Trainee: 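Before I ask anything, let me first share the structure, which is written out below as structure tokens.
In listed order, ligands and their atoms are each counted from 1. Source: prediction; values computed, not measured.
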Amino acid sequence: MLIKNNDLWYSEYYMDDDVKWSLKLEEVLHVEQTPFQKLEMFKNETFGVFMVLDGYTQVTEKDEFVYHDMICHPAMAVNPDIKNVLIIGAGDGGTAREVSKYKSIEKIDMVEIDEAVVRACQKYMPITASVFDNEPRLNLMFADGLKFVKEAPTGAYDLILVDSTDPAGPGEGLFTVGFYQDCFRVLSEKGILINQHEGAFYEGDIEEMKKAHAKIKKTFPIAKVFGFNTPSYASGYWYFGFASKVFDPVADLKAEQWNKLGLKTRYYNTELHKGAFALPNYVQEILDSVEV
Ligand code: SAM
């Protein structure tokens, strides 16, 4: 945090350190060193309340809808028969909120390592965290996602959503081959994994994207990447991985069936779905350069 002209500013330095993203703070709501990470909740006039973990922006009230639409709906539009969902991380609640929109889903297990994140979001960010108070299918566990999938039964889930922090600190283990292999074992025959795939603009993010992609390609027969515009993340454009045992995310899209559900979404639609997997050449070249 920086005081300039009596204004308090929060800044995040992007991987290259000569670039930073700064928000003028209206309020410092919460600062806590938890057993796992530094947790800060701030308020900015434009982005509203936002959460920072270990110095990195995680979620803001202004643009959370993009990230949470895109972590959940693409997989549900490819396999509307998904019944059992495992969410890893996602302590702000936004991912569980979107999953809970599907009446056809029977079980939502969520494994978040840091209870302090959930409690802070329940207090300061009800837009995402209110799901924790009103979703009976949600089984929230405070544990390490890495250990959880290692011990989970084979074939127990149809969909795994990895909404973790970056590959450092508590989130590091969630970017390992061992973790992806355990996810493969824990997924059912038609299982789908959606994982963090970082960014493709700043050098540091590109290295993490390549590392994640190499490990996913080693583990899943189908490993695609899709992008979305999230202004509060480095370069404003971020990526998820779509790792799958049988479904191709574009060829197997069930657009008509998904549209018949009549779900209200602010970012996702089935036309955008196809576009999200149509990557720019420079991104495709980064992924094609990955040796498995
Ligand atoms: N959307 C954000 C992003 O892309 O950076 C992530 C938001 S979510 C708040 C990330 C959550 O992952 C945090 O609450 C963090 O505590 C949790 N987390 C990190 N490592 C974890 C682990 N090994 N097991 C379970 N949860 C973990």
Trainee: Checking Phe50 against Glu64 for the side-chain contact (heavy atoms from CB on, under 4.5 Å) test, could you report, in this order, the C-alpha distance in whole Å, the side-chain angles of both residues, the deciding distance, and whether it holds?
Mentor: CA-CA 9 Å; Phe50 65 103; Glu64 61 82 14; over 6 Å; no
Trainee: Is it the case that Lys20 places NZ or CZ above or below the six-membered ring of Tyr14, under 6.0 angstrom from the centre and within 45 degrees of the axis?
Mentor: no
Trainee: Considering heavy atoms of the protein only, find what lies nearest to atom 1 (N) of ligand 1 and give residue, atom and distance to 0.1 Å.
Mentor: Tyr233 OH, 2.8 Å
Trainee: Pairs of nitrogen or oxygen atoms closer than 3.5 Å, one from Thr57 and one from ligand 1: do any exist?
Mentor: no
Trainee: Leu53: heavy atom below 4.0 Å from ligand 1, yes or no?
Mentor: yes
Trainee: Does ligand 1 have a heavy atom under 4.0 Å from the side chain of Trp238, from its backbone, from both, or from neither?
Mentor: neither
Trainee: Are any of the N or O atoms of Asp166 closer than 3.5 Å to those of ligand 1?
Mentor: no
Trainee: For atom 25 (C) of ligand 1, what is the closest protein heavy atom, and at what distance to 0.1 Å?
Mentor: Ile113 N, 3.3 Å
Trainee: Does even one non-hydrogen atom of Met51 get within less than 4.0 Å of ligand 1?
Mentor: yes
Trainee: Measuring from the heavy atoms of Leu174, does anything fall under 4.0 Å of ligand 1?
Mentor: yes
Trainee: Quick one: which of Trp21, Phe47, Tyr67 gives a ring pair (Phe, Tyr, Trp, His ring centres under 6.0 Å) with Tyr233?
Mentor: Tyr67
Trainee: To the nearest 0.1 Å, how far is atom 19 (C) of ligand 1 from its closest protein heavy atom, and which atom is that?
Mentor: Thr165 OG1, 3.2 Å
Trainee: From atom 8 (S) of ligand 1, work out which of Val149, Thr230, Asp114, Asp163 has a heavy atom at the shortest distance.
Mentor: Asp163
Trainee: Is Gln33 atom CD crowded by more than 12 heavy atoms from other residues, nucleotides or ligands, each under 6.0 Å away?
Mentor: yes
Trainee: Does any N or O atom in Gln37 lie less than 3.5 angstrom from one in ligand 1, N or O only?
Mentor: yes
Trainee: When the aromatic ring centroids of Phe220 and Tyr180 are compared, is their separation below 6.0 Å?
Mentor: no
Trainee: Does some non-hydrogen atom of Cys121 fall short of 4.0 Å from ligand 1?
Mentor: no
